Amino acid sequence: MTRSEFDDIRAHIAAEDPRSGGLLDIARELLDDLEQARMRESILRTYYLGLLTAARATVAADMAGDASPMTFLEHELGKHGQMPSGEQIERILSDARTAQTLLAHLGEPAPAPRRSVPIRFGGRCVGTPRRLRG
């Protein structure tokens, strides 16, 4: 939704009968929540684009034989306080290996579930018998 669409909806809600009270309050809260979610999404998209651009520039610099190709990526990670240090390094590498393994098996079909007890009800419904009153 665009900013003007949010404004149009707010104007429509403001024009409603104030006696509807509770529903209008809920509509305002939902609209505020939606607008905040859209703002967070925009911020995350901006961060992602910056990180993607830095990653591509890092690979391009490495391919071009640059003396310090990691500069772009280090700058982007440092800008958001995401540069790993100390104990984080091993944990991050372990998480990355696990993610690669999981992604490699993502396209594989899941194994069929095993049945521990064979079904021998012969197609009948089982359970407590009940009678209708009446």
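Everything numeric here is computed off the predicted structure, so don't read it as measured data. Atom set for the values below is all heavy atoms of this structure, side chains included, hydrogens, waters and symmetry mates excluded.
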Chemist: Residues in side-chain contact (heavy atoms from CB on, under 4.5 Å) with E29, at least two apart?
Modeler: none
Chemist: Counting only heavy atoms not in E87, do more than 12 sit closer than 6.0 Å to its CD atom?
Modeler: no
Chemist: Quick one: which residue pairs count as a side chain to side chain donor-acceptor pair (under 3.5 Å) with a foot in residues 43-54, not counting sequence neighbours?
Modeler: E41-R45
Chemist: What pairs meet the salt bridge (Lys or Arg N to Asp or Glu O under 4.0 Å) rule with one or both residues in residues 68-79, with sequence neighbours excluded?
Modeler: E76-K79
Chemist: Name the atoms and distances for all side-chain donor-acceptor pairs under 3.5 Å in residues 58-70, with sequence neighbours left out.
Modeler:
unit_1 : atom_1 : unit_2 : atom_2 : d
T58    : OG1    : A54    : O      : 2.8
T58    : OG1    : L73    : N      : 3.3
D66    : OD1    : S68    : N      : 2.8
S68    : OG     : T71    : OG1    : 3.3

Chemist: In chain order, what residues pass the ring pair (Phe, Tyr, Trp, His ring centres under 6.0 Å) check against H105, with sequence neighbours excluded?
Modeler: none
Chemist: Could you measure the distance from the CD1 atom of I9 to the CG atom of L30? Nearest 0.5 Å is fine.
Modeler: 11.0 Å
Chemist: First locate atom CG of L51, then atom CD of Q82, and finally report the distance between them rounded to the nearest 0.5 Å.
Modeler: 9.5 Å
Chemist: Hydrophobic side-chain clustering at under 4.5 Å (ILVMFWY, transitive links): who's grouped with L103? Put none if nobody.
Modeler: L106
Chemist: Check residues 88-102 and write down every donor-acceptor pair under 3.5 Å in which the side-chain atom is one partner and the other belongs to a residue at least two apart or another chain.
Modeler:
unit_1 : atom_1 : unit_2 : atom_2 : d
Q88    : OE1    : S85    : N      : 3.1
T98    : OG1    : S94    : O      : 3.0
T101   : OG1    : R97    : O      : 3.0

